[in-house]
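Presented below is the structure to which this report refers.
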Amino acid sequence: MIQLDLTGQVAVVTGGSSGIGLATAELFLRAGAAVAICGRDNDRLARAERELRERHPQAQLLAARCDVLDAADVAAFAGAVEQRFGRADMLVNNAGQGRVSTFANTSDEAWREELDLKYFSIIRPTRAFLPMLRNAAKAGESAGNASIVCVNSLLALQPEPHMVATSSARAGVLSLIKSLAVELAPEHIRVNSILIGIVESGQWRRRYEADGQAQAAGQSWEDWTRELARKKHIPLGRFGRPEEAAQALFYLATSLSSYTTGSHIDVSGGVARHV
Ligand code: NDP
C-alpha cells in the first residue's frame, strides 16, 4: 500500500460499523485522517468504535448513530462532524444492504423501499456534507482532495434476476454518480464508485447463519463461502475481503486518484463478463 499522510483531513464513512465501511475507516485512521462513522445499531457502533480505538489509541474518531434514510439523522450527523472536526474532505457513501427477490415476488412496497435505500443513502449524505466538501475543495492546496466515493455493485452493469430491484436501482445509481461527477467537477469535488461482486461481510455472515441446511450439516463459514464462490463462477475462486474493497475506496477518496472522476473500479474477482 502506498503511504499517504492524511493528517488534518477528515473522512466520513456511512455504515462504518461493519464490513467494508469498518475496513475503510481503519485505512483512513492508519493514514492519519480524522474519521467519522455512522450506523443505526448502537451496539454495533460501540463495538466498532472500541475496536478502532484499541488499534488507534490516538485516533480522532467520531461514531454517531444515524440512519442515512432519515433526513434529520443525517443533518444531525453532519452537524456533529462539523462541530467535532470543523470540516469534511472525503465522504464514503457505503451504508446499505442488498435485497434478494425476483420480479414475481417483489411487491410495490419492496420496490419503493429498495429504490429509496439505494438512491437516498447517497442523496441525503451527499447533500448534507456538500457544504463542508465545498469548503475543503476551496481551501485545498492541490485540487483532488475533496471527494465522494460510493459503494455500488457490479449488478449495476450485470443484473441478476434474483436481485431484480437491487440490480435496477444499482444501474440508476451509477447514472446518478456520473451526473454528480460532472456537476461537481468545476468545484473540484470528485465523485466515483466501486462496483463490487461478493465481499465477506456482516450481511453474508447473516445469510450463512440463516442457512438452515448449512447449519444442520455443520458446514464451516470457509467451506460455505468457497462453495458459493464455485457455484457463482467467481474466477478468483473466493469472496472478496472487506479490506480489498476498502483499498479501492481509499484510492478513489484520496489524491492518489486526483485526475479521476465519474469513474468506477471493479472489485468483483473477475465476475464482470463485458470487455
Ligand atoms: P455490512 O452489513 O457488514 O455493513 C453494512 C453497514 O451499513 C453497517 O455498518 C450497517 O450498520 C450500515 N447500515 C445499513 N443500513 C444503514 C442505514 N440505513 N443507515 C446507516 N447505516 C446503515 O455489509 P457490507 O460491508 O457488505 O455492506 C457495505 C455496502 O456494500 C452496502 O451498501 C452493501 O449494499 C454493499 N454491497 C455489499 C456486497 C457484499 O457482497 N458484501 C455486494 C454488493 C454491494 P447498521 O445495520 O447498524 O445500520
Side-chain angles (χ1 to χ4, degrees), residues 1-68 73-96 121 125-126 128-133 135-137 139-142 144-151 190 194 199-202 205 241-257:
M1 188 82 188
I2 299 168
Q3 288 300 310
L4 194 67
D5 183 6
L6 298 181
T7 306
Q9 293 195 38
V10 178
V12 177
V13 184
T14 68
S17 60
S18 170
I20 296 166
L22 181 57
T24 308
E26 166 81 32
L27 285 188
F28 283 125
L29 286 175
R30 231 186 268 163
V35 173
I37 60 172
C38 79
R40 294 162 303 176
D41 183 87
N42 276 325
D43 291 343
R44 195 175 295 153
L45 208 52
R47 206 166 39 242
E49 183 178 10
R50 208 165 41 240
E51 263 178 43
L52 291 170
R53 285 200 190 282
E54 267 167 25
R55 286 196 292 277
H56 305 275
Q58 311 300 328
Q60 290 202 70
L61 176 63
L62 171 72
R65 210 215 72 87
C66 160
D67 181 343
V68 291
D73 269 13
V74 177
F77 179 42
V81 170
E82 183 154 33
Q83 194 178 27
R84 175 75 172 276
F85 300 129
R87 62 187 291 151
D89 301 79
M90 297 162 282
L91 169 65
V92 179
N93 287 317
N94 161 75
S121 62
T126 298
F129 283 94
L130 209 42
M132 281 187 270
L133 294 173
N135 286 340
E141 281 162 21
S142 62
N145 280 347
S147 66
I148 300 169
V149 194
C150 304
V151 175
R190 298 178 303 104
I194 62 168
V199 173
E200 288 178 14
S201 65
R205 278 268 171 197
R241 292 185 290 270
E243 55 274 22
E244 292 172 318
Q247 283 165 16
L249 289 167
F250 184 87
Y251 169 75
L252 289 171
T254 63
S255 59
L256 290 172
S257 61

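No hydrogens, no waters, no symmetry mates; every other heavy atom, side chains included, goes into these values.
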Review point. Any side-chain heavy-atom pair from Leu52 and Leu29 closer than 4.5 angstrom?
Key: yes
Point to revise | Minimum heavy-atom distance between Thr14 and Leu91, given as atom pair plus value | key: CG2-CD1, 4.4 Å
Check your understanding: If we only count heavy atoms from C-beta on, is the Leu62 to Ile37 side-chain gap below 4.5 Å?
Key -> no
Review point. Do Asn93 and Val149 touch side chain to side chain, with heavy atoms closer than 4.5 Å?
Key: no
Revision key, fill the gap. In short, Glu49 meets Ala63 closest at the heavy-atom pair OE1-CB, 3.7 Å
Practice item. Indicate the atoms forming the closest heavy-atom contact of Gly19 with Ser201, along with that distance. Key: CA-CB, 4.1 Å
Check your understanding: Do you know the tightest heavy-atom contact between Glu51 and Leu22?
Key -> OE1-CD2, 3.6 Å
**Study point:** Residues Arg50 and Glu54 bridged, charged N to O under 4.0 Å
**Key:** no
**Study point:** Pair Asp73 + Arg65, salt bridge at N-O below 4.0 Å
**Key:** yes
**Study point:** Closest non-hydrogen atom pair between Glu200 and Pro242, with its separation
**Key:** O-CG, 3.0 Å
Check your understanding: With a 4.5 Å heavy-atom cut-off, do Leu6 and Thr254 have their side chains touching?
Key -> yes
**Study point:** Any donor-acceptor N/O pair, Ser147 side chain to Ala253 backbone, under 3.5 Å
**Key:** yes
Practice item. Mind running side-chain contact (heavy atoms from CB on, under 4.5 Å) on Thr24 and Asn94 for me, showing each step along the way? Key: CA-CA 10 Å; Thr24 308; Asn94 161 75; over 6 Å; no
Exercise for review: Check the pair Phe250, Leu4 against side-chain contact (heavy atoms from CB on, under 4.5 Å), reporting the backbone distance first and the verdict last.
Suggested key: CA-CA 10 Å; Phe250 184 87; Leu4 194 67; 4.2 Å; yes
Practice item. Classify the angle between the aromatic ring planes of Phe129 and Phe77 as parallel (below 30°), tilted (30 to 60°) or perpendicular (above 60°). Key: perpendicular
Review point. Is there a donor-acceptor pair closer than 3.5 Å between any side-chain N or O of Ser121 and the backbone N or O of Gly96?
Key: no
Check your understanding: Taking it one step at a time, do Val68 and Cys38 satisfy side-chain contact (heavy atoms from CB on, under 4.5 Å)?
Key -> CA-CA 9 Å; Val68 291; Cys38 79; 4.3 Å; yes
Point to revise | Set of residues satisfying side-chain hydrogen bond (donor to acceptor under 3.5 Å, both in side chains) with respect to Asp5, sequence neighbours excluded | key: Thr7
Review point. Is Arg84 reaching over with its side chain to a backbone N or O of Leu61, donor-acceptor style, under 3.5 angstrom?
Key: yes
Review point. Taking only residues at least two apart or on different chains, which pairs with a member in residues 39-60 satisfy ring-ring contact (aromatic ring centres under 6.0 Å, His included)?
Key: none
Practice item. Kindly say whether Leu252 contributes a backbone atom to a donor-acceptor pair with the side chain of Arg190 at under 3.5 angstrom? Key: yes
Review point. Do Gln9 and Phe28 have side chains that get closer than 4.5 Å, going by heavy atoms?
Key: no
Review point. Do Thr126 and Leu133 come close enough that some side-chain heavy atom pair is under 4.5 Å?
Key: no
Study note, to complete from the structure: Closest heavy-atom pair, Ala95 versus Gly15, reported as atoms and distance to 0.1 Å, is CB-N, 3.7 Å
Review point. Is there a side-chain contact between Val199 and Glu244 (heavy atoms, below 4.5 Å)?
Key: no
Check your understanding: Does the side chain of Val10 reach to within under 4.5 Å of the side chain of Val35, using non-hydrogen atoms?
Key -> no
Exercise for review: Could you please spell out the steps behind the side-chain contact (heavy atoms from CB on, under 4.5 Å) verdict for Met90 and Val12?
Suggested key: CA-CA 6 Å; Met90 297 162 282; Val12 177; over 6 Å; no
**Study point:** Inter-residue atom distance Gln247.CD - Ile194.CD1, 0.5 Å rounding
**Key:** 11.0 Å
